[in-house]
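In what follows, a single structure is set out as structure tokens and then discussed.
In this text the structure is predicted, and so the values were computed from the model without any measurement. Side chains are part of it too, since the values below use all heavy atoms of this structure and drop only hydrogens, waters and symmetry mates.
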2 protein chains.
Amino acid sequence: MTVLFSKKCEYALQSLLFLAEFQDEGILSADHIANHLDIPKEFVSKILRSLTKSGLVVSQRGKTGGFQLAHAPERISLMDVIADIDGTAVFEDCLFCHPSCNPDAPCPVHETWSLMQNQLSHLMKNTHLDNFIPGQSLHQFQQDVNA
Amino acid sequence: MTVLFSKKCEYALQSLLFLAEFQDEGILSADHIANHLDIPKEFVSKILRSLTKSGLVVSQRGKTGGFQLAHAPERISLMDVIADIDGTAVFEDCLFCHPSCNPDAPCPVHETWSLMQNQLSHLMKNTHLDNFIPGQSLHQFQQDVNA
DNA sequence: GTTATTTCGGACTTATTTATCCTGTTTTAA
DNA sequence: TTAAAACAGGATAAATAAGTCCGAAATAAC
């Protein structure tokens, strides 16, 4: 039932994509974001606070407070978010091998799986928040996937 | 911290790969498998029992009992195992979209992500247990990944 | 200054996954 | 016939992930 990323990471991605899309509106509260994404408010709040700590967003306290991207959407990659929340094991570890498998004594699919991992990793690194804003071009994506 | 598949699925794959590799030795006990894979014995036992129910392996009770593949290794794909244990959501659901995203109103990476999912799905469907037995060719893999 | 609203941070609860235990049944071999 | 070894399966326990709560500090508007 696992779906590549943790719930936390999924919510983080969705929240940042939301912040990117409505960047013009300035600071947005956790409550506002949670309502629009249909995600538990307190959970979003907690996740955004941790993203604040790691520097991906900036926060403002007090009435009319909330969160905002720390950098331009085109400078925040999906990998930045994923690495911060879930880590990079999914892009590095060989899943199908017996425990003894390693680069020196690889299992038969080691190379192939590595290839898939590299493609995934490449896609995440080269996909930025701005690619999700309606109207953006898909050129970069198509190139990456077919590379 | 999620790594594509659940622990259960990972152990299932490793156990079946082990059964495929040592198919000549006939019935192997959960204890034997667990020892070689360094996985909790009772957990392996439980997983193999559920695989017995779904027909991927056959079991024999009593002293000298154990498990064996229900079909030839070349007829069991990784997808068979994954679909049985974890389901296929990871190959179908769009993770990056706002909840409102769907094929009719796709988010900007919908197509690209679908492509990645199809590649992954294709790889899992076209990779069979026999591909992991030492000495097997990698041709089929390389074709799939680069297709 | 007071009040309302929001982030901050930690403690807490709940749900799910992972792992273990125990009792029963089956089968083999001595 | 009996003992040992193994699967069957439900109950339980431990660990992790997901989600909630609350008091405190900050800030804007009145």
- [ ] Ignoring backbone atoms, test whether B:Tyr11 places a side-chain nitrogen or oxygen under 4.0 Å from the OP1 or OP2 oxygen of C:dT18.
- [x] no

Task: Between CG on residue B:Leu51 and CD1 on residue B:Ile76, distance to nearest 0.5 Å - done: 9.5 Å

Open item on the list: Rounded to whole Å, please give me the gap between CZ in B:Phe43 and P in D:dT12.
Closed with: 19 Å

Task: Side-chain N,O (A:Ser45) to OP1/OP2 (C:dC8) below 4.0 Å - done: no

TODO: Figure out the CZ/P separation between A:Arg61 and D:dG23, and round it to whole Å.
DONE: 16 Å

Task: Whole-Å gap separating P (D:dT16) and NZ (B:Lys8) - done: 19 Å

I'd like a table of atom pairs between the protein and nucleotides 1-3 of chain C - only N or O on both sides, under 3.5 Å - with the distance next to each one.
none

- [ ] Let me know the distance between CG of B:Asp31 and C1' of D:dA4, rounded to the nearest Å.
- [x] 14 Å

TODO: Answer with base, sugar-phosphate or nothing: what part of the nucleic acid does A:Gly62 contact at a heavy-atom distance below 4.0 Å?
DONE: base

TODO: Name the orientation class of the two ring planes belonging to A:Phe43 and A:Tyr11 (parallel below 30°, tilted from 30 to 60°, perpendicular beyond 60°).
DONE: perpendicular

TODO: Please list, by residue number, the residues of residues 46-55 of chain B whose heavy atoms come closer than 4.0 Å to an atom of DNA chain C; answer none if no residue qualifies.
DONE: B:Lys46

Open item on the list: Here's a test of your reading of the structure: between A:Glu42 and A:Thr64, which maps to the more 5' nucleotide of DNA chain C?
Closed with: A:Thr64

- [ ] Using atom NZ of B:Lys41 as one end and atom C1' of C:dC22 as the other, report the distance to the nearest whole Å.
- [x] 13 Å

TODO: State whether A:Ser59 places a side-chain N or O below 4.0 Å from either non-bridging phosphate oxygen (OP1 or OP2) of C:dT6.
DONE: no

